[in-house]
Amino acid sequence: MILEINPHQSVGGILFGASQEAVGRVLGDNFTVFVRNPNVPYKEHAYDELGVYVSFDRAMKCNAVLIMKPSDAVLNRKLLLALAAQEAFEVIRSLDSASELEGGSLTSARLGIAVYAPDIEAEPEDPPESVLVFRADYFKWNQATHE
């Protein structure tokens, strides 16, 4: 599944702020429910066959989508998971020079995107492992749930 990124608005037709039912209309009903962090009991939907994981806030509205192979994320007409990690990072940096690299993850709060490539230093030609696309208040929400 190819999911086009519309920063802070949507990814692959999934609108940020969408209900579980609306997400299901896009991705289907073949998912499992899990809680990533027991200290934050908000549920996520794992579409394992697609490589897509949807995070919901306390109101059960979509606030982020994690994309892994076999799916891919399109930004600026580039398939991010099909590129070498260093190229994927350059796509993000070309759109947001203030993006931050930490622990193999390049995050652009301005674009609402984080590309994860844990071996970027040793293997810059390997593709990234995942792309997280999130709504504008995601880090504020995420920080508040951990305090």
Side-chain angles (χ1 to χ4, degrees), residues 1-18 20 23-24 26-28 30-58 61-147:
M1 174 173 247
I2 304 299
L3 301 149
E4 186 166 351
I5 298 169
N6 182 3
H8 294 303
Q9 302 299 313
S10 66
V11 59
I14 302 166
L15 297 173
F16 293 117
Q20 296 174 80
V23 170
V26 175
L27 297 176
N30 188 17
F31 64 88
T32 56
V33 177
F34 72 100
V35 175
R36 183 177 306 275
N37 180 341
N39 297 322
V40 183
Y42 307 119
K43 295 181 175 127
E44 297 190 37
H45 290 182
Y47 293 85
D48 291 318
E49 289 181 18
L50 298 175
V52 177
Y53 305 87
V54 182
S55 174
F56 296 92
D57 63 15
R58 66 183 65 161
K61 302 296 183 185
C62 176
N63 69 357
V65 177
L66 179 71
I67 303 156
M68 300 174 74
K69 286 293 187 187
S71 290
D72 207 336
V74 175
L75 179 67
N76 212 23
R77 293 180 282 168
K78 305 278 186 189
L79 291 167
L80 296 176
L81 296 176
L83 297 172
Q86 87 181 31
E87 291 177 75
F89 281 19
E90 286 307 313
V91 170
I92 303 302
R93 286 182 177 130
S94 73
L95 299 170
D96 179 10
S97 61
S99 56
E100 296 181 15
L101 180 62
E102 182 180 334
S105 184
L106 181 71
T107 302
S108 168
R110 189 172 73 81
L111 297 172
I113 301 168
V115 177
Y116 181 59
D119 298 326
I120 185 71
E121 297 293 325
E123 304 290 339
E125 296 303 317
D126 285 355
E129 285 188 14
S130 64
V131 175
L132 177 68
V133 186
F134 50 89
R135 69 183 188 199
D137 64 348
Y138 178 75
F139 285 113
K140 185 170 142 182
W141 168 84
N142 205 23
Q143 186 176 37
T145 61
H146 288 92
E147 293 176 346

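Because only heavy atoms are used, hydrogens play no part in the values below, and waters and symmetry mates are left out as well, while side chains stay in.
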Visitor: I need the F56 CZ to K61 NZ distance, nearest 0.5 Å.
Guide: 9.5 Å
Visitor: Would you indicate whether the side-chain heavy atoms of S55 and N63 approach each other to under 4.5 Å?
Guide: yes
Visitor: I need the K43 NZ to T32 OG1 distance, nearest 0.5 Å.
Guide: 12.5 Å
Visitor: Mind listing the closest non-hydrogen atom pair of I14 and C62 along with its distance?
Guide: CG2-SG, 3.9 Å
Visitor: At their closest point, which heavy atom of S105 faces which heavy atom of Y116, and how far apart are they?
Guide: CB-CD1, 4.0 Å
Visitor: Please verify the inter-ring angle class for F134 with H8; under 30° counts as parallel, over 60° as perpendicular, anything in between as tilted.
Guide: perpendicular
Visitor: For Y138 and D57, run side-chain contact (heavy atoms from CB on, under 4.5 Å): C-alpha distance rounded to whole Å, both residues' side-chain angles, the deciding distance at 0.1 Å, then the answer.
Guide: CA-CA 9 Å; Y138 178 75; D57 63 15; over 6 Å; no
Visitor: Please report the C-alpha distance between V23 and V65 in whole Å, then the side-chain angles of each, then the deciding distance to 0.1 Å, and finally whether the side-chain contact (heavy atoms from CB on, under 4.5 Å) criterion is met.
Guide: CA-CA 10 Å; V23 170; V65 177; over 6 Å; no
Visitor: For Y47 and G28, indicate whether the former's side chain and the latter's backbone hold a donor-acceptor pair under 3.5 Å.
Guide: yes
Visitor: Considering non-hydrogen atoms only, spot the tightest contact between A84 and P124 and give its length.
Guide: CB-O, 3.6 Å
Visitor: Minimum heavy-atom separation for P128 and A117, please, with both atom names.
Guide: CA-CB, 4.0 Å
Visitor: Could you walk me through whether M1 and L27 pass side-chain contact (heavy atoms from CB on, under 4.5 Å), step by step?
Guide: CA-CA 9 Å; M1 174 173 247; L27 297 176; 3.5 Å; yes
Visitor: So among V91, I5, L132, which one has a side chain to side chain contact (heavy atoms under 4.5 Å, CB included) with I113?
Guide: I5
Visitor: Working to the nearest 0.5 angstrom, can you tell me the gap between L50 CG and K69 NZ?
Guide: 13.0 Å
Visitor: Mind checking the CD-CD spacing from Q86 to E125? Nearest 0.5 Å is all I need.
Guide: 4.5 Å
Visitor: Please confirm whether the backbone N or O of D119 pairs with a side-chain atom of D126, one donor and one acceptor, at under 3.5 Å?
Guide: no
Visitor: Which heavy atom of A82 sits nearest to which heavy atom of D72, and what is that distance?
Guide: N-OD2, 3.2 Å
Visitor: Can you tell me how far the CD atom of E4 sits from the CG atom of L79, to the nearest 0.5 Å?
Guide: 10.0 Å
Visitor: Regarding R93 and D96, does a basic nitrogen lie under 4.0 Å from an acidic carboxylate oxygen?
Guide: no
